[in-house]
Amino acid sequence: MITVEEHLAHVLDTVAPLPSQTLPLAEALGATLAEDAAGRHDIPVFDNSGMDGYAVRGVDVATASTSSPVTLRVVADIPAGSPEDPPLAPGEAARIMTGAPLPTDADTIVPVEQTVGGGWSDSPEVVVLDAPLPGAHVRRAAADLAAGDTVLSAGERLTARHLAAAAAAGITELVVRRAPRVAIISTGTELVAPGHPLERGQIPESNSVLLAGLVAETDARVASVETVPDDADALRAALGRAEHIADLVVLSGGVSVGAYDVVKEVLAGTVDTVSVAMQPGKPQAFGVLAGGTPVFGLPGNPVSVAVSFEVFVRPALLRMLGRTGVIRPEQNAIVAMGWRTPPGRRQYMPVAVDHTDGALSISPATRGGSGSHLAGGLARAHGYAVVAADVDEVRPGDVLPVMLV
Ligand SMILES: Nc1nc2c(c(=O)[nH]1)N[C@H]1C(S)=C(S)[C@@H](COP(=O)(O)OP(=O)(O)OC[C@H]3O[C@@H](n4cnc5c(N)ncnc54)[C@H](O)[C@@H]3O)O[C@H]1N2
Ligand code: MOO
């Protein structure tokens, strides 16, 4: 048996970031940035007012107070968007709105509330009741970011916040990684479409639903979904179709030691089938098809598929996307209800997470224990608790790391 880390290292050494492409900002949500993006101008773009009020020369109002107010002549009006830069002589002020450019001659803003009346008037004069600090309410150019500074860093997943920062810095397009296209193939003669009447021995096919959803949640694209029986020719044909349209093929089922485990048979010599010291997910196949497309053969049990995706496939997809940080972070949680774990293998236990009282507490999500066939429990799982290989029982009160998904 090899460790999770050994198998993951092999996977991550094999897959590589996909080529990049340039996308307009509006189409880049959820994409991963391939190159740092530099701002085209400062944020703020120019010195401007942070308040609706009066742009003044600070020295003119340095002594203003309610007992000794200062009267200034209002010589200009500057709404946001105005290109004007009115000159201000000593004793003069300009009415100015939030976001409007600060006149070159002014250095301080007096909010309208700090003037007599507390609001706008038609008077050509304004009476200032308070001495503002020098530079008060002036939003300086480049206080946040200077032109040429890095706004977004390569490897980041682009959220609405990233795109807004880019737009504010005048960026119109971004260089991102092409999203990996994933072909999903479920194998098993027992599998029928969900809802199809079940003959004895048949079960609803659910792994492709799981994998397609997980692929989409990882910002990759589902290129195709197929279910094939345990038949070598049918699988070869499906692999041939998949290889042409996908950057990655993910199979489920048929990697154990069963007499009808065709994935192992068809991919023998192409992929390595290994036993990984984990539960679920012990039998794992991974390699590269003749045409160069990487392929995963995941163990067929649904919880094994879910865990294998988190531990191996998701990091591979994130590497193809060029993402920084491909491993899901873990958080500590307190065990509310314990369970037994198999010896010698690290366990990834689907757990329901409770956030009440500020601390995370966890209980098994699968009613029947840790069985990898207990697909119903996936609906109750918020994450996977990671139990060290040398632990054989998890007790209430234990603290475990959890991958929240
Ligand atoms: N003698 C041994 N038997 C098994 C071993 C072993 O070491 N020695 N390992 C067990 C472990 S652990 C796992 S995990 C499974 C993996 O088996 P396969 O990858 O060959 O998967 P299958 O046998 O095809 O299926 C396993 C199980 O999952 C169900 N399944 C498969 N595909 C789907 C699907 N698309 N949707 C829903 N359910 C699916 C299938 O019906 C089986 O019940 O092997 C153990 N056996
Ligand atoms: O390791 Mo298997 O994946 O127990 O279900």
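Remember, predicted model here, so these are calculated numbers, not experimental data. Counting starts at 1 for both ligands and their atoms, following the listed order.
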Test item: side-chain donor near acceptor, Asn207 and Ser186, under 3.5 Å: no
Distance-only polar pair, side chains of Glu393 and Trp339, donor-acceptor under 3.5 Å: no
Options Leu251, Asn207, Leu191, Asp261, ranked by nearest heavy atom to atom 23 (O) of ligand 1, top entry: Asp261
Residue Pro299 vicinity, atoms of ligand 1 by number, heavy atom under 4.0 Å: 14 (S), 16 (C), 19 (O)
Residue that, paired with Asp247, satisfies salt bridge (charged side-chain N to carboxylate O under 4.0 Å, His left out) out of Arg221, Arg319, Arg177, Arg178: Arg178
Atom 5 (O) of ligand 2: nearest protein contact (heavy atom, Å): Ser372 OG, 2.3 Å
Identity of the nearest option to atom 46 (N) of ligand 1, non-hydrogen atoms only, from Ser208, Ser256, Pro342: Ser256
Side chain, backbone, both or neither: Arg345 near ligand 2, heavy atoms under 4.0 Å: side chain
Numbered atoms of ligand 1 (with element) below 4.0 Å of Pro204, judged on heavy atoms: 37 (C)
Contact atoms of ligand 1, heavy-atom distance to Ser304 under 4.0 Å: 14 (S)
Reference residue Val222; test side chain to side chain contact (heavy atoms under 4.5 Å, CB included); the match among Val215, Leu211, Leu214, Val250: Val215
Any Gly188 heavy atom less than 4.0 Å from ligand 1: no
Atom indices of ligand 1, in the order listed, that fall short of 4.0 Å to a heavy atom of Ser186: 35 (N)
Contact with ligand 1 for His373, non-hydrogen, under 4.0 angstrom: no
Per atom 3 (O) of ligand 2, closest listed option by heavy atom (Gly371, Pro283, Pro299, Gly281): Gly281
Gly253 neighbourhood, listing ligand 1 atoms whose heavy-atom distance to it stays under 4.0 Å: 19 (O), 21 (O), 24 (O)
